[in-house]
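These numbers were taken from a predicted model, which means no experiment stands behind them. By convention in this document, chain letters (A, B, ...) are assigned in the order of the sequence lines, proteins followed by strands, and residues within each chain are numbered from 1. Any value given below was found using the heavy atoms of this structure, including those in side chains, with hydrogens, waters and symmetry copies removed.
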Amino acid sequence: MLVVDISGLNKSFTRDKRALNDVKLQVREGEMVALIGASGSGKSTLIRHIAGLLRGDRDGGKIAVFGETIQENGKISRGARKVRTEIGVVFQQFNLVSRLSVLTNVLMGLLGRVPAWRGSLGLFTKAEKMRAMSALSRVGIDAHASKKARNLSGGQQQRAAIARTITQGARLILADEPIASLDPASSRKVMNTLDRVNREDNVTVIVSLHQVDYAKDYCKRTIAMRDGEVVFDGPSSELTPQFLQELYGEHSSELFADGAAVSTKPVAKPIAEKDLAVATS
Amino acid sequence: MRSLFAFTSGIRTMNSSISSTSSVATELPPRDLKRSASSFLLWAIILGLLAWSWEGADMRPMALFENSGNMVDFADGFFPPDFLMWKMYVEEMWITIQIAIWGTALSIVCSIPFGILCSENIVPVWVYQPVRRLMDSFRAINEMVFAMLFVVAVGLGPFAGVLALWIHTTGVLAKLFSEAVEAIDPEPVEGIRATGANALQEVIFGVIPQVLPLWISYSLYRFESNVRSATVLGIVGAGGIGMVLWEYIRGFYYAETAAVMIIIIISVSLLDMASQRLRKLVT
Ligand SMILES: Nc1ncnc2c1ncn2[C@@H]1O[C@H](COP(=O)(O)OP(=O)(O)O)[C@@H](O)[C@H]1O
Ligand SMILES: [Mg+2]
């Protein structure tokens, strides 16, 4: 089943330059796809279009998610809010409400599913709270449930954001540079959590990454962007340093952070249960 | 890996900054003629404005000295203050505070929706422009004017004062509330939207938690100034201690006037202090 189907997507913020140019893209159910590219290449813009948070140009093509059109030619379709309940978004800046508790933030995932009046009053049933708690325990931060979101570390906040998508029951997770502001250890935990949700719940994941090594470790398929265009779409294993050098030219050093490290890095390790034990610490 | 990259680039910028500072500056930057001309112009405008207003404002500083004998007599009448009726003054002061409490409370309730509807990051232009103009008009007219109108409409007494404060304060608070809303981080709101929440829920869970401390602080501040305003509402018949004050001033009862003024000063200062404490707590 096609989870994401994009054709002819154009977006220009300014007259003279297209931030997205004729993007065509299909993602199938259960895939975990990396989206890579230098900063400014259009990763965030693409993700926000898929979530229906940004509108394409008037000649901007069409985006369908789970077979439902979410936007077409610059118009968000009427069913967009319903489709959005199927899409969980994890942002680089965490996007939690920092003054609310972690549990409340995770319960927000249910807003699209419970009756509007009940959601607006913040009245959630015991069962719904338990569902949120079990999502928190799956990502390993249930011990912090009653803390305010801002008192969590970056990595914990990001896992709370993933717990929100789990509570939401999202069938597609869009993660926009979820690890860009995290240290390597927290980055691993967040990526492991996404990987686990993908494999255990068969949730489709599209994750944009600034660094290619994580793409290779966690995703079979990589989509590479440059200047708003998809310039590579294929197995991550084909992403050799030489290939990326060719693809990105002068920008490639930025993509690798440390170019030499890529070849010597240990190859992708499957995530075992014991790694997740670490994730709960 | 990321930090390693940041580190090497840090070295690069360090090198370049060293090379740029190695030549010592020998000259002051040239004087900016345009800037000194404009600051001269600014002073000319300020002085011009003051001169222009002199006559209209009937400025007669000498009168203070010429009539100094009268002034001393006048001031003398205030001492010693006469607290014989202090129970009545305190009672009226309580009424004044109660007017301020209700006027502020009603305006907070109204300022929440109006404040949201004034915010350009929440509603489209055809909503916030008219609502803002409406709030401007609430604000432009002084509470005393509203009080006079409401005295006619609902009769003499505190209720007219409550209504007056309500309208005027709604205009003020809605503007302050919307300024807070316009300064929020958009990311958490987007996070809520992305879950499929509706627009109202975006505001409740994405906007309000972010602005709440500021809103509380503004509301307390407005309560303080509403107590001050309420002390004079009585002059036009809208209840509270102002009524008493006005009666005494009109009747030349200066010793009693002094006592009432002291009661006002003490209560307003105490309330200001308490509310300042509270404001510190929330922000
Ligand atoms: N809100 C916006 N207004 C104007 N230009 C934008 C906006 N958002 C993104 N852009 C531009 O679109 C291009 C792609 O940006 P973005 O999608 O953020 O890239 P990435 O996420 O890959 O770093 C950049 O040139 C950026 O300047
Ligand atoms: Mg980005």
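Ranked by heavy-atom pairs shorter than 4.5 Å toward chain B, the options A/S120, A/S98, A/G119, A/G112 are led by A/S120. Chosen from B/V203, B/N198, B/L212, the residue pairing most often with chain A at heavy-atom distances under 4.5 Å is B/N198.
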For a side-chain contact (heavy atoms from CB on, under 4.5 Å) check, start with the C-alpha distance between A/R84 and B/R193, then their side-chain angles and the critical distance, and finish with the verdict.
CA-CA 9 Å; A/R84 254 189 221 145; B/R193 183 179 312 153; 3.5 Å; yes
Go through the steps for A/V97 and B/I192 under the test side-chain contact (heavy atoms from CB on, under 4.5 Å), then give the verdict.
CA-CA 9 Å; A/V97 183; B/I192 303 276; 4.1 Å; yes
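In the displayed structure, A/F66 atom CZ is contacted under 6.0 Å by more than 12 heavy atoms of other residues, nucleotides or ligands. The number of heavy atoms from other shown groups lying within 6.0 Å of CZ (A/R55) does not exceed 12.
Here OG1 of B/T195 is found 9.0 Å from CG of A/L110. Values are rounded to the nearest 0.5 Å. To the nearest 0.5 angstrom, A/L100 atom CG is 8.0 Å from B/F205 atom CZ. Separating the CE atom in A/M108 from the CD atom in B/Q201 is a distance of 8.5 Å, to the nearest 0.5 Å.
Residue A/A51 does not touch chain B at all, counting heavy-atom pairs closer than 4.5 Å. With a 4.5 Å cut-off on non-hydrogen atoms, A/R81 touches chain B through its backbone and its side chain both. Looking at B/P213, only its side chain comes within 4.5 Å of chain A, counting heavy atoms on both sides. Heavy atoms closer than 4.5 Å to chain B are found in the side chain of A/R48, but not in its backbone.
Scanning all heavy atoms of the two residues, the minimum distance from B/E187 to A/N95 falls at O-ND2, 2.8 Å.
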